[in-house]
Participant: 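A single structure is presented below for examination.
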Protein chains: 2
Amino acid sequence: MLQTAIEMEKAALILKLLGDKTRLTMMKLLDHHACCVCEFVEIFKTSQPSISQHLRKLRDIGLVKEERKGQWIFYSVNKHHEYYPFIERILNQLPDQDEKLKELEIKGTRITCC
Amino acid sequence: MLQTAIEMEKAALILKLLGDKTRLTMMKLLDHHACCVCEFVEIFKTSQPSISQHLRKLRDIGLVKEERKGQWIFYSVNKHHEYYPFIERILNQLPDQDEKLKELEIKGTRITCC
DNA sequence: TTAGTATATAATGATTTGCTTATATGTGCA
DNA sequence: TGCACATATAAGCAAATCATTATATACTAA
């Protein structure tokens with residue numbers, strides 16, 4: 001893949017968005033799993049609008065994409081984003097967060113649509 | 001070097017600090033050059049207190065260190081920081097900012113103490 | 001000692017951020 | 001159709017952020 005030249009301005013904007021514990025953990029999870037809003041609500045123990053707003057910020061600059069599946073809207077990382085390689089190298093350094101999803105599976109609240 | 005496990009909380013804090021164009025550019029420059037406050041004032045065309053406050057934030061979490069040389073205080077990246085490898089991999093992806101220092105050299109305002 | 005330069009800190013204010021509550025929209029199903 | 005669930009959006013508010021101006025501190029050189 002052709003790597004675009006990183007611009008400082010855009011890099012700073014992305015780092016700012018990643019510089020929030022909730023969004024950073026979201027991105028780490030979404031990098032390998034599609035998740036829906038209600039799962040994040042449970043994982044982060046915060047309100048649904050708060051989660052929606054974080055996702056909106058990530059979506060506004062194209063870092064994540066959404067796909068409706070029936071009742072749910074599944075979010076996932078947009079791997080075609082111009083800066084995805086930049087982001088990926090950051091996410092790869094972070095500890096795996098999959099246990100958060102495993103907890104949902106144990107509780108039976110993981111949404112595995114279709 | 002022994003790589004410490006990255007904690008999400010600390011990673012988010014660091015990314016938040018890097019998520020500002022001024023601080024990000026500072027870190028990129030400081031990664032390879034020691035610079036003093038007055039140089040940054042000229043480079044970023046902002047007030048001296050503004051620069052000092054950015055540097056203070058970086059210093060407060062140990063990302064940069066300072067060394068007084070006579071009249072000036074030179075800042076540089078603290079390469080012994082627990083998370084320096086994490087930071088370095090981010091900075092390495094950013095475009096070189098050295099032309100900003102070259103401009104100072106041409107204008108004769110680069111401080112090359114000692 | 002005094003003036004000039006470099007830097008830090010304090011105080012203030014405008015803007016941004018991230019939450020909350022309330023409400024609207026969209027989907028599935030009885 | 002009507003209700004339940006999932007999600008988005010709007011509005012309001014407290015806290016954080018980032019600049020500014022004013023002032024204090026530290027060093028150099030005359």
Side-chain angles (χ1 to χ4, degrees), chain A residues 8-9 12-27 30 34-61 63-76 104 107-114, chain B residues 8-9 12-27 30 34-61 63-76 104 107-114:
Chain A
M8 294 299 282
E9 196 117 17
L13 181 63
I14 286 171
L15 293 172
K16 185 190 212 169
L17 279 183
L18 296 181
D20 171 279
K21 198 190 172 188
T22 301
R23 285 192 298 263
L24 188 63
T25 308
M26 277 177 167
M27 285 295 288
L30 293 175
C35 297
C36 64
V37 176
C38 60
E39 292 173 317
F40 283 140
V41 169
E42 194 174 340
I43 288 171
F44 296 110
K45 291 171 181 55
T46 183
S47 69
Q48 173 266 313
S50 172
I51 296 296
S52 279
Q53 284 157 18
H54 280 303
L55 286 167
R56 186 177 216 289
K57 287 184 185 181
L58 294 174
R59 200 192 49 196
D60 278 353
I61 63 163
L63 297 194
V64 302
K65 57 191 165 121
E66 54 178 88
E67 184 184 357
R68 180 176 278 277
K69 285 193 180 168
Q71 211 170 358
W72 298 283
I73 295 175
F74 282 78
Y75 283 86
S76 55
L104 296 194
K107 282 195 268 179
T109 51
R110 175 89 164 108
I111 314 288
T112 44
C113 176
C114 314
Chain B
M8 294 300 280
E9 195 118 17
L13 180 64
I14 287 171
L15 293 172
K16 186 189 213 170
L17 280 182
L18 296 181
D20 172 278
K21 198 189 172 189
T22 301
R23 284 192 297 265
L24 188 63
T25 308
M26 278 177 165
M27 285 296 289
L30 292 176
C35 296
C36 64
V37 176
C38 60
E39 291 174 318
F40 283 139
V41 169
E42 194 173 340
I43 288 171
F44 296 109
K45 292 172 180 53
T46 181
S47 69
Q48 173 266 314
S50 172
I51 297 295
S52 279
Q53 285 157 16
H54 280 303
L55 286 167
R56 188 179 215 286
K57 287 183 186 183
L58 295 173
R59 200 192 50 196
D60 278 353
I61 63 164
L63 297 194
V64 302
K65 58 192 165 124
E66 54 177 86
E67 185 185 358
R68 181 176 278 278
K69 285 191 181 168
Q71 214 169 356
W72 299 282
I73 296 176
F74 282 79
Y75 283 86
S76 57
L104 297 195
K107 283 195 269 181
T109 52
R110 175 91 164 106
I111 314 290
T112 44
C113 175
C114 312

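Below, chains carry the letters A, B, ... as their sequence lines are ordered, and counting in each starts from 1.
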Participant: Could you tell me how far apart B/Glu66 (CD) and D/dC27 (P) are, to the nearest whole angstrom?
Facilitator: 12 Å
Participant: Return no unless some side-chain N or O of A/His54 is found under 4.0 Å from OP1 or OP2 of C/dT17.
Facilitator: no
Participant: For the pair made of CZ in A/Phe74 and P in D/dA8, what is the distance, rounded to whole Å?
Facilitator: 12 Å
Participant: Between the opening five pairs and the closing five pairs of the helix from C/dT1-D/dA30 to C/dA30-D/dT1, how far apart are the helix axes, to 10°?
Facilitator: 10°
Participant: For A/Lys16, report the nucleic acid contact type (base, sugar-phosphate, nothing); a contact means any heavy atom under 4.0 Å.
Facilitator: sugar-phosphate
Participant: For DNA chain D, whose closest nucleotide is more 5', that of B/Thr22 or that of A/Ile73?
Facilitator: A/Ile73
Participant: Please determine whether a side-chain nitrogen or oxygen atom of B/Lys57 lies at a distance below 4.0 Å from atom OP1 or OP2 of D/dT17.
Facilitator: no
Participant: Using atom CZ of B/Arg56 as one end and atom C1' of C/dT9 as the other, report the distance to the nearest whole Å.
Facilitator: 8 Å
Participant: Restricting to side chain to side chain contact (heavy atoms under 4.5 Å, CB included), what partner residues turn up for B/Cys38, sequence neighbours left out?
Facilitator: B/Cys36, B/Trp72, B/Ile111
Participant: Using the salt bridge (Lys or Arg N to Asp or Glu O under 4.0 Å) definition, which of the options B/Lys45, B/Arg110, B/Lys107 pairs with B/Glu39?
Facilitator: B/Arg110
Participant: Could you write nucleotides 20-30 of chain C as a row of B, S and -, 5' to 3', where a protein heavy atom under 4.0 Å of any base atom gives B, of only sugar-phosphate atoms gives S, and otherwise -?
Facilitator: BBB----SS--
Participant: Starting at CZ of A/Phe40 and ending at C1' of D/dA6, how long is that distance when rounded to a whole Å?
Facilitator: 15 Å
Participant: Heavy atoms only, 4.0 Å cut-off, all strands: where does A/Tyr75 land among base, sugar-phosphate and nothing?
Facilitator: sugar-phosphate
Participant: Ignoring hydrogens and angles, tell me if any N or O in the side chain of A/Arg56 forms a donor-acceptor pair with the backbone of A/Leu58 under 3.5 Å.
Facilitator: no
